[in-house]
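Everything numeric here is computed off the predicted structure, so don't read it as measured data. A, B, ... follow the sequence lines: proteins, then strands. Residue 1 opens every chain.
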Amino acid sequence: MSETSKSLNFIEQIIEEDLSNGYSKNDLRFRFPPEPNGYLHIGHASSICLNFGLGLRYDAPVNLRFDDTNPAKEEQEFVDAIKQDVTWLGFKWDTERYASDYFQQLYDWAVQLIKDGKAYVDSQTSEEMAAQKGTPTEPGVDSPFRNRSVEENLSLFEGMKNGEYKEGTHVLRAKIDMASTNMLMRDPIMYRILHKAHHRTNTDWCIYPMYDWTHGESDYIEQVSHSLCTLEFLPHRELYDWFLDQVTSPDKLRPKQREFARRNLSHTVVSKRKLAQLVEQNIVNGWDDPRMPTISGLRRRGYTPESIRNFVDTIGIAKRDNLIDVSLLEFHVREHLNKITPRVMGVLDPLKLVITNYPEGQEEWLEAENSPEDESLGSRQVPFSKELYIEKADFKEEANKKFFRLKLGGEVRLKNGYIIKAESCTKNTEGDIVEVQCTYDPKSKSGSGTPESLRRVKGTLHWVSIKHAVAAEVRLYDRLFTDESPDTHKDKDFMDFINPDSLKTITGYVEPSLKSASVGERFQFQRIGYFCVDKDSSSDKLVFNRTVGLRDSWAKIQQKN
RNA sequence: UGGCCCAUGGUGUAAUGGUAACACUCCGGUUUUUGGUACCGUCAUUCUAGGUUCGAGUCCUAGUGGGCCAACCA
């Protein structure tokens, strides 16, 4: 219902238009075309959801195509990581393709272009060619090699292919227009010599096709109907079409390139070079550090694929520059985690609480609901005893009535347990409170149904029994950058905005039911936030990552004072 | 001193020539054994100037502002 009433984005409108102008639904085909030279990040998630979402919407196949035309940068490791990330996000590609699958076809077409007088071998240095290229405001000039004979071009190109020349000595160029207002049309390079092994073709080739020559022709070979890319490729469209003009036959579908604006997320950077810098300078601990905007980082942080997909759906797709506030991403992960995570209790900043009228040595197991959002998650038992930990921030000697927590002479409920009253506290020589003494009402036990248990007190605290608590490493993550758009300042480097407090590692105390938690499992630590078990955990040591905190209106009230 | 793209609340996106809306954020409130969730409410938007039209956020022109384009990267 909402599906039919939801408005179309401009890409879907283009497709609908094509459909009403003669395309059949069977003609639709899409592709996600990553270069395997790095890890996927949140920006790629938009493209993935767009292309695979279109596939789902129109019941059309979507290829996963690796744009692997540069063996100097590309590696199998990235191919594997990309496949894992796309799968994790919840999408299935139709076929797995590689631009390198088409090297022979591309070569044959290039030979044809030479024969047609539309491509030539240039034997200048890159500096010489750059000088001839002109600028956006001045036309370029023709290369002295532009009018070589077809025979000479053919033989040089074959020599290039056969490895007879050193890197940088020759390139194959399309013969288009050195005076075009579009710089990309000024005789673009189609092939360069690279004596490097390729992760798939090994040393079969020592010439490699450039992006522009490869991409559109690959779309054509795969019969991709709509080739979607980001806005910076808009000027490439003219060239995309020119190359297609050289090879298409009228009985086959002709792919269309259309461009959309890249989504920018606040408080982060996304370029491979910058992310690599964060890794290399040990600002973060690897590409999957939970602070990284990579898909693997978000996964390790505890994000769910659903929350990322919902986020991408919400931000939509358009053509204008944008900076999406990270709070929207956080909203979506909270929204999903709220529904699916079991609640547990953990104390991150412990203060000892002694219940003076609770029998020495006694312990009892209290029933605790696993989720108020999902009854099917059932319940568990948590141990209670005379000595507990509560959060330091949950006790004050005295406070005004806005403070719903524990203060001397005041009452609170211990979640799933009893109502207690603070009687006194002990301080160390520095004046810090190190212990709170309280009394409890034995008849106020949660769920017991007694009138005392039904009494309402304003505050409810989470706690753990000291004797039963499990110590765990807890990693508290915050934004990596203090500026919302760290890499757009002309006079400042993005590294100047690194948040020094993006990771705080502490020891917390969690209820014993967590002892058996497995890597990747997600929980809500009640009143604190969402956490997941990190892969650094071992059988004798739990490590938790904070995915995101709960919304905290108390923190806002405090900030205002 | 060129070409191309873009311009709607604080943010993102819709409105397809006919009442400017939805989500997030912010702020306020109700409920609550999580200061969570849920629910209700408040504030706030068509870059400017002309033109076309009965009617313009939408079409046209100009201006302004932002972005992209001179790798043997993708």
Side-chain angles (χ1 to χ4, degrees), chain A residues 6-10 13 33-35 37 67-70 72-74 122 125-126 129-131 133-140 167-173 180-184 186 189-194 207-208 210-212 214-215 229 231-238 259 261 263 266 272 311 314-332 334-335 338-339 343 345 369 371-373 402-405 412-417 419 446-447 453-462 484 524-529 549-557:
Chain A
K6 194 166 180 269
S7 54
L8 303 178
N9 65 43
F10 82 98
Q13 287 174 28
E35 183 189 11
N37 71 340
D67 232 330
D68 56 349
T69 57
N70 188 353
K73 293 183 175 178
E74 295 147 7
D122 199 333
T125 64
S126 57
M129 283 189 280
K133 195 149 193 186
T135 70
T137 56
E138 305 160 51
E167 287 186 15
T169 53
H170 305 281
V171 291
L172 184 73
R173 289 230 254 174
S180 172
T181 54
N182 184 349
M183 298 289 290
L184 290 157
R186 321 244 262 224
I189 295 174
M190 295 172 67
Y191 277 94
R192 75 285 213 192
I193 299 168
L194 248 29
I207 55 171
Y208 291 92
M210 301 289 286
Y211 166 83
D212 287 297
T214 308
H215 202 93
C229 60
L231 233 32
E232 69 263 29
F233 287 96
L234 200 151
H236 293 248
R237 189 150 117 195
E238 191 180 359
E259 310 81 13
R263 315 322 337 235
S266 76
K272 278 168 196 161
F311 166 73
T314 303
I315 63 182
I317 203 79
K319 291 177 82 167
R320 48 176 182 162
D321 293 339
N322 57 80
L323 182 63
I324 294 145
D325 201 300
V326 69
S327 65
L328 187 56
L329 216 209
E330 292 171 345
F331 164 79
H332 282 286
R334 283 195 192 102
E335 181 188 48
N338 173 53
K339 288 186 192 132
R343 271 59 171 172
M345 291 196 285
E369 180 187 38
S371 171
E373 302 288 324
K402 276 186 153 179
F403 185 78
F404 303 161
R405 308 176 180 190
V412 293
R413 173 171 292 283
L414 294 175
K415 179 82 184 168
N416 304 312
I419 294 174
S446 289
S453 75
L454 268 16
R455 260 181 69 215
R456 295 163 69 145
V457 291
K458 188 64 186 169
T460 301
L461 305 188
H462 63 275
E484 65 170 11
Q524 185 199 85
F525 287 9
Q526 278 183 121
R527 303 211 305 137
I528 301 177
L550 254 26
R551 280 186 63 211
D552 189 349
S553 45
W554 172 239
K556 282 178 190 164
I557 293 168

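- K402(A) comes within 4.0 angstrom of a base, heavy atoms only.
- With a 3.5 Å limit on both pairing distances and Watson-Crick or G-U wobble geometry required, the stems of 3 or more pairs in RNA chain B span B:2-7 with B:64-69, B:10-13 with B:21-24, B:27-30 with B:38-41, B:47-51 with B:59-63.
- Mapping T181(A) and R456(A) onto RNA chain B by nearest heavy atom places T181(A) closer to the 5' end of the strand.
- Across rA71(B), rG12(B), rA14(B), the shortest atom-to-atom separation from the side chain of I324(A) is found for rG12(B).
- Panel note: side chain R455(A), backbone I419(A); no donor-acceptor pair is recorded below 3.5 Å.
- The distance between atom CZ of F233(A) and atom P of rA71(B), rounded to the nearest whole Å, is 15 Å.
- Residue-level contact check: F403(A) touches the bases, meaning some heavy atom is under 4.0 Å from a base atom.
- In this structure, of rU25(B), rA15(B), rA74(B), it is rU25(B) that holds the atom nearest to the side chain of S327(A).
- To the nearest angstrom, C1' of rU13(B) lies 16 Å from NZ of K319(A).
- Between R237(A) and E259(A) a salt bridge is recorded (basic side-chain N to carboxylate O distance below 4.0 Å).
- Between F10(A) atom CZ and rU13(B) atom P the separation is 11 Å, expressed in whole Å.
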request  = Report the C-alpha distance between S180(A) and N182(A) in whole Å, list the side-chain angles of each, state the deciding distance to 0.1 Å, and finish with yes or no for side-chain hydrogen bond (donor to acceptor under 3.5 Å, both in side chains).
outcome  = CA-CA 5 Å; S180(A) 172; N182(A) 184 349; 5.5 Å; no
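- No hydrogens or angles were tested; on distance alone, nothing pairs the side chain of E335(A) with the base of rU37(B) as donor and acceptor under 3.5 Å.
- Between the CZ atom of F404(A) and the P atom of rU31(B) there is a distance of 12 Å, given to the nearest Å.
- rG41(B) sits 27 Å from rU33(B) when the C1' atoms are compared, rounded to a whole Å.
- The base of rU33(B) has none of its N or O atoms less than 3.5 Å from a complementary donor or acceptor on the side chain of E369(A).
- No engagement by N37(A) is indicated, since no non-hydrogen atom pair under 4.0 Å with the nucleic acid exists.
- Side-chain proximity of R263(A) to the nucleotides rG12(B), rG35(B), rU11(B) is greatest for rG12(B).
- For H236(A) and rA74(B), a side-chain-to-base donor-acceptor distance below 3.5 Å is present, hydrogens and geometry of angles not being considered.
- Side-chain atoms of T135(A) lie closest to rA70(B) of the nucleotides rC72(B), rG36(B), rA70(B).
- With C1' as the reference atom, rG17(B) and rU52(B) are 11 Å apart, rounded to whole Å.
- Side-chain atoms of M190(A) and M210(A), non-hydrogen and from C-beta on, never get closer than 4.5 Å to each other.
- Taking the side chain as every heavy atom from C-beta outward, L461(A) and K415(A) never approach each other to under 4.5 Å.
- Of the C1' atoms belonging to rC43(B) and rC26(B), the separation is 9 Å, rounded to the nearest Å.
- If you check distances only, the side chain of E373(A) does reach the base of rG36(B) with a donor-acceptor pair under 3.5 Å.
- Within the nucleic acid shown, K339(A) has no heavy atom closer than 4.0 Å to any nucleic acid atom.
- At whole-Å resolution of the value, NZ in K272(A) and C1' in rA74(B) are 7 Å apart.
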Distances under 3.5 Å only, N/O to N/O: pair up the protein atoms with those of nucleotides 60-67 of chain B.
unit_1: rG67(B); atom_1: O4'; unit_2: D321(A); atom_2: OD2; d: 3.2

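- Rounded to a whole Å, the NZ atom of K458(A) is 9 Å from the P atom of rU33(B).
- When heavy atoms are screened at a 4.0 angstrom cut-off, L323(A) is found touching the sugar-phosphate backbone but no base atom.
- One C1' atom belongs to rG3(B), the other to rU11(B), and the distance between them is 32 Å to the nearest Å.
- Using a 4.0 Å heavy-atom cutoff across all strands shown, M210(A) reaches sugar-phosphate atoms only and no base atom.
- Atom C1' of rA20(B) sits at a distance of 11 Å from the matching atom of rG9(B), rounded to the whole Å.
- Within 4.0 Å (heavy atoms only), G447(A) reaches at least one base atom of the nucleic acid.
- In terms of polar N and O atoms assigned as donor or acceptor, the side chain of S446(A) comes within less than 3.5 Å of the base of rU33(B) in a complementary pairing.
- For N322(A), whose side chain is taken as the heavy atoms from C-beta onward, the closest listed nucleotide among rG2(B), rG12(B), rC72(B) is rG12(B).
- Atom NE2 of H332(A) and atom P of rG12(B) are 15 Å apart (whole Å).
- In this pair, Y211(A) does not lay its aromatic ring on the base of rA74(B); centres under 5.5 Å and planes under 30 degrees do not both hold.
- Side-chain N/O atoms of R413(A) and base N/O atoms of rU33(B) include a donor-acceptor pair closer than 3.5 Å.
- If you check rU33(B), rC68(B), rC4(B) against the side chain of P235(A), the one that comes closest is rC68(B).
- Looking at heavy atoms from C-beta onward, N37(A) lies out of side-chain contact with N70(A) at the 4.5 angstrom threshold.
- With distances taken from any side-chain atom of P372(A) to the nucleotides rC5(B), rA74(B), rG36(B), the minimum falls on rG36(B).
- Within the 4.0 angstrom heavy-atom criterion, base atoms lie near Q13(A).
- rA62(B) and rG55(B) are spaced 23 Å apart, taking the C1' atom of each and rounding to whole Å.
- Residue whose closest nucleotide on RNA chain B sits further toward the 5' end, between Q526(A) and P34(A): Q526(A).
- The side chain of S126(A) sits closest to rC72(B) out of rU34(B), rG12(B), rC72(B).
- Spacing of C1' atoms, rU25(B) relative to rG12(B), comes out at 11 Å, to the nearest Å.
- When each of D325(A), L329(A), L328(A) is paired with I315(A), the side-chain contact (heavy atoms from CB on, under 4.5 Å) condition holds for L328(A) and for no other.
- Looking at D122(A) and H170(A), their side chains never bring a donor and an acceptor atom within 3.5 Å of each other.
- Which of rG35(B), rC73(B), rC5(B) sits closest to the side chain of R405(A) comes down to rG35(B).
- The residue L550(A) sits close to a base: some heavy atom pair falls under 4.0 Å.
- Residue R186(A) contributes atom CZ, which lies 11 Å from atom P of rA70(B) at whole-angstrom precision.
- The separation of rU58(B) from rG67(B), taken at their C1' atoms, amounts to 22 Å, rounded to a whole angstrom.
- Here the nucleotide nearest the side chain of K415(A), chosen from rU34(B), rA14(B), rC5(B), is rU34(B).
- Nucleic acid contact class of T69(A) (heavy atoms, under 4.0 Å, all strands): sugar-phosphate only.
- Side-chain N or O atoms of N322(A) include none that pairs as donor or acceptor with a backbone N or O of I324(A) at under 3.5 Å.
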